[in-house]
Amino acid sequence: MSASPEEIDDADAEAGELALRFSVDARHAGARLDKALAELMPDVSRSRLQQWVGDAAVRVNGAAVRQRHELVLGDLIEIEPQPAPDAKAYAPEPMPLAIVHEDNDILVVDKPPGLVVHPAAGHWSGTLLNGLLAHSPRNFDVPRAGIVHRLDADTSGLMVVARTLEAHAHLVRQLQDRSVTREYWTVVLGAPTAAGTVDAPIGRDARNPLRFRVSHASSSKPARTRFAVVATAQDGTARLSWLACRLDSGRTHQIRVHMEHIGHPLIGDPVYRRGLPGREGDPRTWRGFPRQALHASRLGLIHPATGRAMTWFRAPPPDLAELMAGLGFGPLDEPSRVFEERR
């Protein structure tokens with residue numbers, strides 16, 4: 001990274017070394033550091049430069065200073081360019097992966113709760129994508145390392161990953177055609193009707209950018225969730241239900257938004273909590289459960305190479321299994337049949 005030739009002549013910058021050095025001339029004497037840096041390094045965004053100053057990667061006369069520091073004629077500015085936050089987004093990182101199925105075309109994983117799927121602001125490393133690239137370097141050649149659908153970080157369960165461009169295109173078409181079966185288990189507050197469908201568009205909540213909501217704004221997208229009650233439980237005055245949900249669309253936070261919308265929020269949900277009591281007590285109980293009680297239990301699709309219908313099931317992880325068993329729900333080691341029984 002270097003300044004333009006004119007700036008090198010004017011500012012006496014020494015490029016080609018790990019650190020860049022600028023001697024403050026009359027143009028920048030009396031200027032604030034952040035403004036001078038923006039002129040000296042126009043190819044670097046102001047936010048990146050601010051980050052470098054905050055990380056003490058920019059020094060004036062050998063000392064770390066603030067962005068508003070006023071420069072003096074002859075000051076020596078030294079800069080150690082730092083990699084962009086997303087520089088390691090596609091770096092392979094070995095990590096344990098629960099591989100449910102693997103062949104030349106697809107890979108099915110059982111994602112644990114707490115694992116972010118794809119790099120983004122605040123999570124540029126340590127994601128499922130990084131682990132996939134370590135496990136299968138060929139996925140570098142597939143968009144998003146083969147990830148065709150996501151789960152929220154604190155949602156556990158089954159995901160399919162493409163290993164070839166052909167498989168990627170085939171799986172995307174299946175998702176668009178709604179021919180992929182995605183069944184989720186969840187525990188909600190209250191007792192919904194035995195079965196139902198929430199067909200309501202979802203858009204971002206204008207009052208809270210971290211939330212989504214049922215909305216009929218022009219920017220909202222169609223969303224449809226089918227649900228069926230597997231079992232109910234009573235805990236004191238609280239009624240709780242084990243639901244199986246199937247997605248006919250794949251919107252961000254869809255089940256969480258739709259269940260809150262009909263008055264049955266997911267136990268433990270940190271965002272969509274309308275009607276939920278405050279968290280308290282043992283995290284192994286429904287009142288203190290620390291994440292949304294949501295698990296992608298079943299996945300069904302057409303194999304993109306063989307054309308064969310394939311289905312996988314995985315029981316909930318230990319924390320959710322303990323919660324459900326404590327409410328008397330089970331068995332948990334086999335698929336529910338509520339949707340098949342209601343045909």
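Nothing fancy with the numbering, it's 1 onward along the sequence.
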Student: Testing the basics here: between Leu332 and Pro316, what is the closest heavy-atom pair and its distance to 0.1 Å?
Tutor: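 Nearest pair, atom of Leu332 first, then Pro316: O-CD, 3.7 Å.
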Student: Using the rule that two of Ile, Leu, Val, Met, Phe, Trp, Tyr join whenever any of their side-chain heavy atoms come within less than 4.5 Å, decide whether Val271 and Val187 are in one cluster.
Tutor: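 No; tracing contacts between hydrophobic side chains, which count when under 4.5 Å, never links both residues.
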Student: So for atom NE2, which belongs to His123, do other residues, nucleotides or ligands contribute more than 12 heavy atoms lying within a distance under 6.0 Å?
Tutor: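 No - once you tally the heavy atoms of other residues, nucleotides and ligands closer than 6.0 Å, there are 12 at most.
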Student: Identify the two heavy atoms, one from Arg287 and one from Ala238, that lie closest to each other, and give their separation to 0.1 Å.
Tutor: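 Scanning both residues, the minimum pair turns out to be NH2-CB, 4.5 Å.
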Student: Between Arg48 (side chain only) and Val44 (backbone N and O only), is there a donor and an acceptor less than 3.5 Å apart?
Tutor: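 Side chain of Arg48 to backbone of Val44: no pair is present.
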Student: May I ask you to check whether Trp185 and Phe313 place their ring centres under 6.0 Å from each other?
Tutor: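 Yes, ring centres under 6.0 Å apart.
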Student: Answer yes or no: are there more than 12 heavy-atom neighbours, outside Arg46 itself, under 6.0 Å from its atom CZ?
Tutor: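 No, not enclosed.
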Student: Measure from the side-chain N and O atoms of Asn61 to the backbone N and O of Leu76, and report whether any donor-acceptor pair falls under 3.5 Å.
Tutor: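 Indeed, once roles are kept as given, a pair shorter than 3.5 Å links the two residues.
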Student: Donor-acceptor pair, distance only, cut-off 3.5 Å: does the side chain of Lys111 make one with the backbone of Ala98?
Tutor: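 No.
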Student: Look at the side chain of Arg291 and the backbone N and O of Asp154, then say whether any donor-acceptor pair between them is shorter than 3.5 Å.
Tutor: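 Yes, Arg291 side chain to Asp154 backbone: donor-acceptor pair under 3.5 Å.
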Student: Any sub-3.5 Å donor-acceptor pair from Ser220's side-chain atoms to Ser215's backbone N or O?
Tutor: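 At least one qualifying donor-acceptor pair exists.
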Student: Counting only N and O atoms by type, is there a donor-acceptor contact under 3.5 Å from the side chain of Asp269 to the main-chain atoms of Leu266?
Tutor: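 Judged by distance alone, no pair lies under 3.5 Å.
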Student: Ignoring hydrogens and angles, state whether a donor on the side chain of Thr186 or Gln292 is under 3.5 Å from an acceptor on the partner side chain.
Tutor: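 Checked: Thr186/Gln292 side chains show no N/O donor-acceptor pair below 3.5 Å.
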Student: Measuring centre to centre across the rings, with the benzene-like ring taken for any Trp, is Tyr272 within less than 6.0 Å of His253?
Tutor: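 Here the rings of His253 and Tyr272 have centres that are less than 6.0 Å from each other.
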Student: So does Glu39 get a backbone contact from the side chain of Lys35, meaning a donor-acceptor N/O pair under 3.5 Å?
Tutor: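 Checking the backbone N and O of Glu39 against the side chain of Lys35, no donor-acceptor pair under 3.5 Å is found.
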Student: Has the side chain of Asn208 got a donor or acceptor atom that lies under 3.5 Å from a matching backbone atom of Asp205?
Tutor: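 No: the side chain of Asn208 does not pair with the backbone of Asp205.
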Student: With a 4.5 Å limit on heavy-atom distance, are the side chains of Met159 and Val108 in contact?
Tutor: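 Counting from C-beta outward, Met159 and Val108 never come under 4.5 Å.
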Student: Can you get from Val172 to Leu107 by hopping between Ile, Leu, Val, Met, Phe, Trp and Tyr side chains that sit under 4.5 Å apart?
Tutor: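 No, no single cluster joins them.
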Student: Got Ile79 and Trp52 here, is their nearest side-chain heavy-atom distance under 4.5 Å?
Tutor: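 Yes, close enough: below the 4.5 Å cut-off.
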Student: Rounded to the nearest 0.5 Å, what's the gap from OG1 on Thr181 to CD1 on Ile302? Could you check?
Tutor: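 It comes to 8.5 Å.
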Student: Name the orientation class of the two ring planes belonging to His303 and His101 (parallel below 30°, tilted from 30 to 60°, perpendicular beyond 60°).
Tutor: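 Answer is perpendicular, since the angle exceeds 60°.
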Student: I'd like to check Leu49 versus Asp34 (side-chain heavy atoms, cut-off strictly below 4.5 Å). Are they in contact?
Tutor: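 SC-SC contact between Leu49 and Asp34 ruled out.
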Student: Measure from the side-chain N and O atoms of Asp177 to the backbone N and O of Ser179, and report whether any donor-acceptor pair falls under 3.5 Å.
Tutor: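 Not at all, since once roles are kept as given, no pair shorter than 3.5 Å links the two residues.
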Student: Between Leu33 and Leu20, is there shared hydrophobic-cluster membership here, with clusters defined by ILVMFWY side-chain heavy atoms closer than 4.5 Å?
Tutor: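 Same hydrophobic cluster.
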Student: Salt bridge between Arg298 and Glu340, side-chain N to carboxylate O under 4.0 Å?
Tutor: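 Salt bridge: yes.
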Student: Do Phe22 and Met41 come close enough that some side-chain heavy atom pair is under 4.5 Å?
Tutor: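 Side chain of Phe22 against side chain of Met41, heavy atoms only: contact under 4.5 Å found.
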Student: Does any non-hydrogen side-chain atom of Asn130 lie less than 4.5 Å from one of Leu132?
Tutor: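 No, every pair of side-chain atoms sits at 4.5 Å or beyond.
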Student: Indicate if Val180 and Ile255 have the same hydrophobic cluster label, given that clusters are the connected sets of ILVMFWY residues with side-chain heavy-atom separations under 4.5 angstrom.
Tutor: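 No; Ile255 is not reachable from Val180 via cluster members.
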Student: Any side-chain to backbone donor/acceptor pair from Arg274 onto Glu260? Under 3.5 Å, distance only.
Tutor: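 Looks like yes, one N/O pair under 3.5 Å.
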Student: If we only count heavy atoms from C-beta on, is the Glu102 to His135 side-chain gap below 4.5 Å?
Tutor: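 The answer is yes; the side chains approach within 4.5 Å.
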Student: Say whether Trp312 and Leu97 are linked into one hydrophobic cluster, either directly or through other cluster members, by side-chain heavy-atom distances under 4.5 angstrom.
Tutor: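 No.
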Student: Once you round to the nearest 0.5 Å, how far does CG of Leu327 lie from CD of Gln234?
Tutor: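 CD of Gln234 is found 11.0 Å from CG of Leu327.
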Student: Take atom CZ of Arg279 as the centre, draw a 6.0 Å sphere, and report whether it contains more than 12 heavy atoms from other residues, nucleotides or ligands.
Tutor: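 Atom CZ in Arg279 is packed in, count exceeds 12.
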Student: Go through it in stages, so that I can follow the logic: the residues are Val117 and Ile147, the test is side-chain contact (heavy atoms from CB on, under 4.5 Å), and I'd like the CA-CA distance, side-chain angles, deciding distance and then a yes or no.
Tutor: CA-CA 8 Å; Val117 169; Ile147 295 171; 3.9 Å; yes
Student: With the side chain counted from C-beta on, respond yes when Arg32 and Leu71 share a heavy-atom pair under 4.5 Å apart, and no when they do not.
Tutor: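 No, every pair of side-chain atoms sits at 4.5 Å or beyond.
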Student: So how far is it from Leu73 CG to Arg27 CZ, rounded to the nearest 0.5 Å?
Tutor: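 CZ of Arg27 is found 12.5 Å from CG of Leu73.
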Student: Write out all pairs satisfying side chain to side chain donor-acceptor pair (under 3.5 Å) with one or both partners inside residues 136-146, taking only residues at least two apart or from two chains.
Tutor: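 Passing the test, one end in residues 136-146: His118-Arg144, Ser136-Asn139, Ser136-Arg163.
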Student: How far apart are the closest heavy atoms of Arg204 and Pro209, and which atoms are they?
Tutor: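 It is NH1-O, 2.6 Å.
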Student: Working to the nearest 0.5 Å, report the span between SG of Cys245 and OH of Tyr184.
Tutor: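 Reported to 0.5 Å precision, the distance equals 10.0 Å.
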Student: Going by side-chain hydrogen bond (donor to acceptor under 3.5 Å, both in side chains), name the residues that satisfy it together with Gln174, two or more places apart in sequence or in a different chain.
Tutor: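 His170.
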Student: If you measure from OG1 on Thr225 to CZ on Arg256, what distance do you get to the nearest 0.5 Å?
Tutor: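 Reported value, rounded in 0.5 Å steps: 13.0 Å.
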Student: So which heavy atom on Gly157 is nearest to which on Leu151, and how close?
Tutor: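 Closest pair (atom of Gly157, atom of Leu151, distance): O-CD1, 3.7 Å.
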Student: Measure the CZ-CZ distance between Arg246 and Arg226 for me, rounded to the nearest 0.5 Å.
Tutor: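 So the CZ of Arg246 and the CZ of Arg226 are separated by 6.5 Å.
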Student: Side chains of Ser297 and Arg314: does their closest heavy-atom pair fall under 4.5 Å?
Tutor: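 Counting from C-beta outward, Ser297 and Arg314 never come under 4.5 Å.
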Student: Let's go through Trp242 and Val229 carefully: what are the C-alpha distance in whole Å and the side-chain angles of both, what is the deciding distance for side-chain contact (heavy atoms from CB on, under 4.5 Å) to 0.1 Å, and is it a yes or a no?
Tutor: CA-CA 6 Å; Trp242 167 15; Val229 176; over 6 Å; no
Student: Checking side chain to side chain donor-acceptor pair (under 3.5 Å) against Asp248, which of Arg224, Arg178, Gln254 comes through?
Tutor: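 So, applying the side chain to side chain donor-acceptor pair (under 3.5 Å) to Asp248 and each of Arg224, Arg178, Gln254, only Arg224 qualifies.
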Student: Determine the minimum heavy-atom distance between Ala191 and His264, stating which atoms define it.
Tutor: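 Minimum heavy-atom separation between Ala191 and His264: N-CE1, 3.6 Å.
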Student: Specify the closest pair of heavy atoms between Ile267 and Leu189, including all atoms of both residues, with the distance to one decimal.
Tutor: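 Of all heavy-atom pairs spanning Ile267 and Leu189, the closest is CD1-N, 3.9 Å.
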Student: Any donor-acceptor pair under 3.5 Å linking the side-chain atoms of Thr232 with those of Ser241?
Tutor: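 No, Thr232 and Ser241 have no side-chain donor paired with an acceptor closer than 3.5 Å.
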Student: Check step by step if side-chain contact (heavy atoms from CB on, under 4.5 Å) holds for Thr164 and Val142.
Tutor: CA-CA 6 Å; Thr164 68; Val142 188; 5.5 Å; no
Student: As a quick check of understanding, evaluate side-chain contact (heavy atoms from CB on, under 4.5 Å) for Leu243 and Met259, giving each step before the final call.
Tutor: CA-CA 10 Å; Leu243 303 186; Met259 291 301 104; 3.7 Å; yes
